[in-house]
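What follows is a short report on a single structure.
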Amino acid sequence: MFSMRYGTVPVVRYTGGLADTVKEYDPQTMEGTGFGFKPFDSSYFLKAISRALHFYYREKEHWKRIMTNAMNTDLSWDRSAKEYVELYKKALAKVGK
């Protein structure tokens with residue numbers, strides 16, 4: 001989260017909170033905040049790094065967009081709290097209360 005705040009594009013293994021926080025960059029929609037992989041395997045890690053390096057060296061406008069997307073991501077407790085409230089409301093609606 002610190003890296004995203006300062007525009008450092010993350011390359012992560014998608015587990016736990018990282019899977020929720022870092023979104024894979026999609027050049028078609030220009031959405032996403034970094035690059036990642038799921039299986040705990042060095043070849044997948046290398047592919048994620050290769051994707052990041054491609055955009056860094058060959059797609060400067062996309063790289064700037066990834067940085068901007070990352071810096072503009074709302075990682076505040078206010079946002080998290082609102083998501084929890086909505087989750088609880090849905091759970092209560094299911095049990096009929």
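In what follows, every heavy atom counts, from backbone to side chain, and hydrogens, waters and symmetry copies are set aside.
Counting non-hydrogen atoms of neighbouring residues, nucleotides and ligands closer than 6.0 angstrom, the CE atom of Met1 reaches no more than 12 such neighbours.
Tyr25 is connected to Trp63 through a chain of hydrophobic side-chain contacts under 4.5 Å among Ile, Leu, Val, Met, Phe, Trp and Tyr, so both are in one cluster. Met67 and Phe35 end up in the same hydrophobic cluster when Ile, Leu, Val, Met, Phe, Trp and Tyr side chains are linked at under 4.5 Å. There is no path of hydrophobic side-chain contacts, each under 4.5 Å, that joins Ile66 to Tyr6. Phe40 and Tyr44 are assigned to two separate hydrophobic clusters, defined by single-linkage of ILVMFWY side chains at heavy-atom distances under 4.5 Å.
When all heavy atoms of Val11 and Ala52 are compared, the pair lying nearest together is CG2-CB, 3.9 Å. A pairwise comparison of heavy atoms in Val22 and Thr33 identifies CA-OG1, 3.5 Å as the closest pair.
Side-chain atoms of Glu24 come within 3.5 Å of backbone N or O of Gly36 as a donor-acceptor pair. Looking at Arg13, its side chain does come within 3.5 Å of a backbone N or O of Lys38 through a donor-acceptor pair.
Once rounded to the nearest 0.5 Å, the distance linking CD1 of Ile49 with NE2 of His54 reads 15.5 Å. Rounding to the nearest 0.5 Å gives a distance of 5.5 Å between CZ of Phe45 and CZ of Phe37. Rounded to the nearest 0.5 Å, atoms NZ (Lys23) and OH (Tyr14) are 8.0 Å apart. Distance CE/Met4 to CE/Met71: 10.5 Å, rounded to 0.5 Å. Annotation: the span from Leu46 atom CG to Arg51 atom CZ amounts to 10.0 Å, rounded to 0.5 Å. Taking CD of Glu31 as the start and CG of Asn69 as the end, the distance is 7.5 Å to the nearest 0.5 Å.
Relative to the six-membered ring of Tyr56, Lys60 meets both conditions, a distance below 6.0 Å and an angle of at most 45° to the axis.
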